Amino acid sequence: MSRQWPLGSEVKRKDLTGGAMLYDASRAGNVAASWFDPEYWRERNELDGEARGRGTVHFIRTGEEKGLVLRHYRRGGLVARLSRDQYVWRGESETRSFREWQLLYQLRRAGLPVPTPIAARYRRQGYFYTADILTERLMDSESLASRLMRSGIPILGWITIGRCIRMFHNLGVYHADLNAHNILLVADDLVYLVDFDRGRLMRPGLWCDANLVRLRRSLEKITYKLPPEHFSEADWHGLLDGYRQAGGVTPATLNASAANAQRTTLPAA
Ligand SMILES: Nc1ncnc2c1ncn2[C@@H]1O[C@H](COP(=O)(O)OP(=O)(O)O)[C@@H](O)[C@H]1O
Ligand SMILES: [Mg+2]
């Protein structure tokens with residue numbers, strides 16, 4: 001995958017008071033700064049719950065089967081106590097939200113199963129900025145973490161997860177935080193990756209193994225108190241089998257039916 005994939009003409013940038021936004025005019029030509037404010041959606045009665053990861057993620061309902069996800073960037077760990085959502089300004093192209101938006105845009109274009117990016121914005125205050133991103137909501141999805149808390153998943157599911165991760169690795173997509181909360185199971189048999197904050201494109205290497213090790217730790221952390229049928233050694237081997245079998249597989253080389261299965265149904269613009 002090209003490291004500098006040109007952005008299409010539907011990608012627009014707009015100045016906002018104190019900042020700017022980047023958006024896909026073919027999907028959200030009418031996007032406004034208010035879209036990044038949860039209160040805007042609450043007043044319209046379109047807020048549909050939230051999830052707590054590092055920050056707060058708001059789910060927005062925009063139609064029968066459609067929705068958006070709004071995420072405000074927040075730090076994890078120790079720094080979080082010092083400056084919860086402020087990042088040091090290093091220029092617009094270095095903002096967390098613009099970077100993630102552009103990466104998601106490229107990944108979608110390459111046919112990888114990630115949420116479609118809608119809009120990203122930053123607000124600058126002197127040496128610092130805050131950031132937000134809106135993506136298309138994957139309806140009927142559940143994170144692997146939350147599924148495993150309830151039950152196990154069939155071995156074929158583990159194989160599919162392994163294949164999915166390998167496809168990203170084959171294209172040199174580094175996910176900075178590959179854990180069970182960032183793997184989404186959609187409908188019965190689709191696997192998506194979310195949360196590409198700090199992700200980037202780089203030549204496949206040792207980081208691929210490190211990614212898997214990190215995922216394994218996350219799975220153990222989530223399931224160690226649960227009955228063994230929620231996550232077993234056989235499950236992990238299923239994932240690794242899927243991963244190994246998919247060497248060289250990219251969305252373009254998948255056969256047509258599988259390729260379709262890996263694609264989200266895009267809403268009419
Ligand atoms: N596009 C999306 N569609 C559906 N659910 C999502 C989407 N993006 C995120 N989520 C859910 O929200 C959770 C938190 O989002 P994430 O992007 O991982 O932010 P963070 O971990 O930084 O809080 C995810 O684990 C997932 O369950
Ligand atoms: Mg996450």
Side-chain angles (χ1 to χ4, degrees), residues 23-24 27-28 31 35-36 38 41 46-77 79-80 83-87 95-105 107-108 112-122 130-150 153 161 164-165 168 173-188 190-200 211 214-215 217-219 221-223 262-267:
Y23 63 101
D24 183 335
R27 292 175 197 283
V31 59
W35 286 33
F36 296 100
W41 302 104
E46 288 178 335
L47 220 48
D48 200 19
E50 24 188 276
R52 285 212 69 90
R54 252 167 309 156
T56 304
V57 167
H58 289 95
F59 297 108
I60 297 156
R61 205 180 328 106
T62 55
E64 273 290 298
E65 285 298 311
K66 283 207 290 186
L68 298 171
V69 171
L70 171 61
R71 187 171 95 227
H72 184 62
Y73 286 76
R74 276 182 200 279
R75 298 164 175 285
V79 239
S83 54
R84 283 181 303 247
D85 65 347
Q86 302 213 313
Y87 297 89
T95 56
R96 304 293 269 256
S97 51
F98 276 32
R99 288 196 80 113
E100 183 170 358
W101 195 97
Q102 290 180 61
L103 180 60
L104 287 174
Y105 176 90
L107 302 184
R108 283 297 306 157
L112 286 166
V114 299
T116 304
I118 301 296
R121 96 158 158 186
Y122 67 82
T130 57
D132 310 87
I133 190 167
L134 274 166
T135 58
E136 197 171 283
R137 181 169 168 195
L138 298 164
M139 304 307 280
D140 290 324
S141 65
E142 181 177 23
S143 74
L144 175 61
S146 104
R147 173 72 62 89
L148 292 180
M149 286 177 222
R150 288 195 290 111
I153 61 170
I161 293 170
C164 170
I165 294 171
F168 282 83
V173 182
Y174 168 74
H175 189 296
D177 192 16
L178 187 65
N179 62 40
H181 297 277
N182 292 331
I183 297 177
L184 293 198
L185 309 176
V186 180
D188 273 341
L190 299 182
V191 178
Y192 280 72
L193 299 189
V194 299
D195 197 356
F196 280 86
D197 183 22
R198 289 177 299 122
R200 59 203 148 101
N211 246 203
R214 185 188 185 96
L215 174 59
R217 256 191 271 128
S218 153
L219 291 167
K221 191 170 152 198
I222 288 161
T223 59
Q262 289 289 349
R263 222 164 268 152
T264 21
T265 321
L266 298 174

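In this chain, residues are counted from 1 in sequence order. Note that the coordinates shown come from a computational prediction; the quantities given were computed from them, not determined experimentally. When a ligand or atom number is given, it counts from 1 through the structure's own listing order.
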Which of the numbered atoms in ligand 1 are below 4.0 angstrom from a heavy atom of [X]?
{"X": "T135", "answer": "1 (N)"}
{"X": "F59", "answer": "5 (N), 6 (C), 11 (C), 12 (O)"}
{"X": "L184", "answer": "4 (C), 5 (N), 6 (C), 26 (C), 27 (O)"}
{"X": "P115", "answer": "1 (N)"}
{"X": "H181", "answer": "24 (C), 25 (O)"}
{"X": "V69", "answer": "1 (N), 2 (C), 3 (N), 7 (C), 8 (N)"}

request  = Report yes if S143 has an N/O atom closer than 3.5 Å to an N/O atom of ligand 1; otherwise report no.
outcome  = no
request  = Looking only at distances, please establish whether an N/O atom of ligand 1 is found under 3.5 Å from an N/O atom of D195.
outcome  = yes
Given R137, R108, R27, the one that forms side chain to side chain donor-acceptor pair (under 3.5 Å) with T116 = R108
note = Among the N/O/S atoms of D195, the Mg ion (ligand 2) lies closest to OD2
To check you understand the geometry: which heavy-atom pair defines the closest contact between [X] and [Y], and what is its length?
{"X": "F168", "Y": "F196", "result": "CE2-CZ, 3.7 Å"}
{"X": "F98", "Y": "A120", "result": "CE1-O, 3.5 Å"}
{"X": "D24", "Y": "W101", "result": "N-CZ2, 3.7 Å"}
{"X": "D177", "Y": "N182", "result": "O-ND2, 2.8 Å"}
{"X": "D132", "Y": "S97", "result": "O-CB, 3.4 Å"}
{"X": "S143", "Y": "H181", "result": "CB-O, 3.7 Å"}

Structural part of [X] in contact with ligand 1, heavy atom criterion under 4.0 angstrom:
{"X": "L138", "result": "both"}
{"X": "E142", "result": "neither"}
{"X": "N182", "result": "side chain"}

ask   = Stepwise, does the side-chain contact (heavy atoms from CB on, under 4.5 Å) test hold for L190 with L138?
value = CA-CA 11 Å; L190 299 182; L138 298 164; over 6 Å; no
query = Taking the non-hydrogen atoms of M139, is any one of them nearer than 4.0 angstrom to ligand 1?
reply = no
query = Does ligand 1 have any atom sitting under 4.0 Å from a heavy atom of Y192?
reply = no
ask   = Salt bridge between R71 and E100, side-chain N to carboxylate O under 4.0 Å?
value = yes
Row check, Y122 ring normal vs R96 NZ/CZ: under 6.0 Å, within 45° = no
inquiry  = Just checking: N182, one of its N/O/S atoms, less than 2.8 Å away from the Mg ion (ligand 2), yes or no?
reply    = yes
